[in-house]
Amino acid sequence: MSPARGRTRRRPRVDQARRVAYDALRAVHASDAYANLVLSDLLAQRRLTGRDAAFATELLHGTCRGEGSYDRVVAAASGRAVTDLQPAVLDVLRLGTHQLLRMDVPDHAAVATSVDLARSAVGERVAGLVNAVLRRVGERSWEQWVDHLGAALPAPERLALATAHPRWVVDAFTDLLGDEAADALAADNVTPMTTLVRRPGLVEPDELRAAGAEPTGLSPFGWRVSGNPGDLAAVREGRAGVQDEGSQLVALALARAEAPEGPWLDLCAGPGGKTALLAALAGPGTRVVAAERQPHRAQLVRQAVRARSEPPLVVTADGTRPPWRAGSFAKVLADVPCTGLGALRRRPEARWRRRPEDVPELHPLQLRLLTAALDSTRPGGVTAYVTCSPHRTETVEVVQEVLAGRDDVEVVPAAPLLPEVSDAALGDFVQLWPHRHGTDAMFLALLRRTG
Ligand SMILES: C[S@@+](CC[C@H](N)C(=O)[O-])C[C@H]1O[C@@H](n2cnc3c(N)ncnc32)[C@H](O)[C@@H]1O
């Protein structure tokens, strides 16, 4: 664009942190990228570290989480549907809205840097629009926007707006928790600290303590670190790994369940976090087999268990058509593919990407995998059915539907096997929650083959 009427227009100076957040957000929307992955690539490429990296991370993650609610704010402030805005401009507005309403950025800086970003990333012609819309956004605080836009909404819709979740997720959580759903939804908006698992037999607590990690409250193998876990030798060498405490606890419950001697199976193993812990807990003499349908994820399982002198056997296989004989295993973990609604705090964009139709679409596969897991379990042996979603259709309903069709399975009460965790029993099952336990919302059912 030529300088307007002979004046030399200032070249917009966009700080690197905002540019990284913007480019990552565009990749999330234009190429279905995962926010965490694209951000870590961009931070490395552009050599952003320290405060700049922290700012870009908070800006991207917060914007992704708040997206649906910010879109309502932008629509009200611009007087048009967000679908009528150019996607690249909408992303600038979303980032600006997050800075104005939820970050400690002065209003004038949030508006001016967003206008510069719009000029540089989209073009001069959109600068005025971005300036005008963001000034209007800044006229109210976040709470005032929620009051303003929520006043006319029914209660669940208002909760969706205030906690930045799609309505169908609000309904699913309310179905499970009643009024407590508000706390569970709010917990999705808090970035969890990185949790490590100490793989017993491979690393002692003293090594992790000396590296600055601190034990967590629930899992006997859980450790918390601030900073980059890859800085720890134990993590780089696969003797410890990044793993939520909830995942550790469900694996531990299966390891503690009474069962006959014999090999253990992880039916849906990729990327291998639970396989690695189960292999450590199984002890010498107990063979562990890990199956995973996708070859690249099977490779990740091999990576996860590389530190073991006798690693589990990793097979690329469809667990619904097992290549092993029925009744081969004493313990079987079926950590099935699910919507991941229990781990939304870790996946900033996931809540807006998942669709309500995903739940019924996954259900038949979940039924088949649980059936195959039970068929693979020998009489007296135990199957653990696990999801990182608390959605009833993916949890209790799968178990009930499978059990209704067989007379060779009994439910093992799961909560008594995790005495370190209170308030987790859901009947005979276990349901963990971020707002109660500080873990992902993992579901666990333990089922014994009786014949
Ligand atoms: C929830 S993830 C498992 C996470 C894993 N247990 C861990 O802790 O790292 C589910 C896995 O099941 C795999 N999967 C999906 N369908 C499968 C099938 N039919 N047989 C075996 N694995 C399958 C997916 O590729 C995915 O890696």
Side-chain angles (χ1 to χ4, degrees), residues 34 36 195-197 199 219 221-222 229 235 238 240-255 264-282 288-308 311-324 329 331-344 346-347 350 354 358-359 361-376 383-391 394-395 398 402 432 439-445:
Y34 292 110
N36 292 330
T195 310
L196 299 184
V197 59
R199 295 180 176 141
S219 164
F221 311 110
V235 172
V242 174
Q243 187 176 45
D244 179 68
E245 259 192 316
S247 292
Q248 300 177 33
L249 289 166
V250 294
L252 180 60
L254 176 61
W264 297 5
L265 170 69
D266 187 349
L267 185 69
C268 306
K274 295 186 192 71
T275 310
L277 182 54
L278 285 174
L281 297 174
V288 176
V289 176
E292 164 59 48
R293 193 180 54 183
Q294 296 195 38
H296 73 280
R297 290 177 73 83
Q299 201 47 40
L300 294 176
V301 182
R302 291 185 190 100
Q303 270 289 108
V305 298
R306 69 192 180 284
R308 304 210 66 77
L313 172 68
V314 181
V315 293
T316 304
D318 178 346
T320 64
R321 298 158 187 230
W324 49 82
F329 296 95
K331 294 191 180 182
V332 178
L333 172 65
D335 183 14
V336 299
C338 69
T339 55
L341 292 188
L344 294 179
R346 295 185 190 284
R347 300 173 195 153
R354 277 286 175 204
D358 294 339
V359 176
E361 274 172 27
L362 282 161
H363 190 74
L365 177 61
Q366 293 165 343
L367 292 174
R368 287 204 306 277
L369 284 166
L370 176 54
T371 300
L374 289 166
D375 291 343
S376 302
T383 293
Y385 176 79
V386 168
T387 61
C388 65
S389 166
H391 197 294
E394 301 184 79
T395 59
V398 170
V402 170
L432 301 169
T439 64
D440 289 347
M442 305 291 300
F443 171 85
L444 165 71

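Note that ligands are numbered from 1 as they come in the structure, with each ligand's atoms numbered from 1 the same way. Starting from 1, each residue takes its place in the sequence as its number. Every heavy atom of this structure was used, including side-chain atoms; hydrogens, water molecules and symmetry mates were not.
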Visitor: Assess whether a salt bridge exists between Arg346 and Asp440, defined as any Lys/Arg side-chain N lying under 4.0 Å from an Asp/Glu carboxylate O.
Guide: yes
Visitor: Mind listing the closest non-hydrogen atom pair of Arg199 and Gly241 along with its distance?
Guide: NH2-CA, 3.8 Å
Visitor: The criterion is side chain to side chain donor-acceptor pair (under 3.5 Å); which residues satisfy it with Arg302, sequence neighbours excluded?
Guide: Gln299
Visitor: Within the distance-only criterion (no hydrogens, no angle test), does the side chain of Lys274 pair as donor or acceptor with the backbone N or O of Ser247 below 3.5 angstrom?
Guide: no
Visitor: Return the set of residues passing side chain to side chain donor-acceptor pair (under 3.5 Å) with Asp358 (not counting sequence neighbours), or none when no residue passes.
Guide: Arg354, Arg355
Visitor: Using a strict cut-off of under 4.0 Å between a residue heavy atom and any atom of ligand 1, list the qualifying protein residues by chain and number.
Guide: Leu267, Cys268, Ala269, Gly270, Pro271, Gly272, Gly273, Lys274, Glu292, Arg293, Gln294, Arg297, Ala317, Asp318, Gly319, Asp335, Val336, Pro337, Leu369
Visitor: Holding to side chain to side chain donor-acceptor pair (under 3.5 Å), I want the full list of residues that pass it with Ser389, two or more places apart in sequence or in another chain.
Guide: Thr339, Glu394
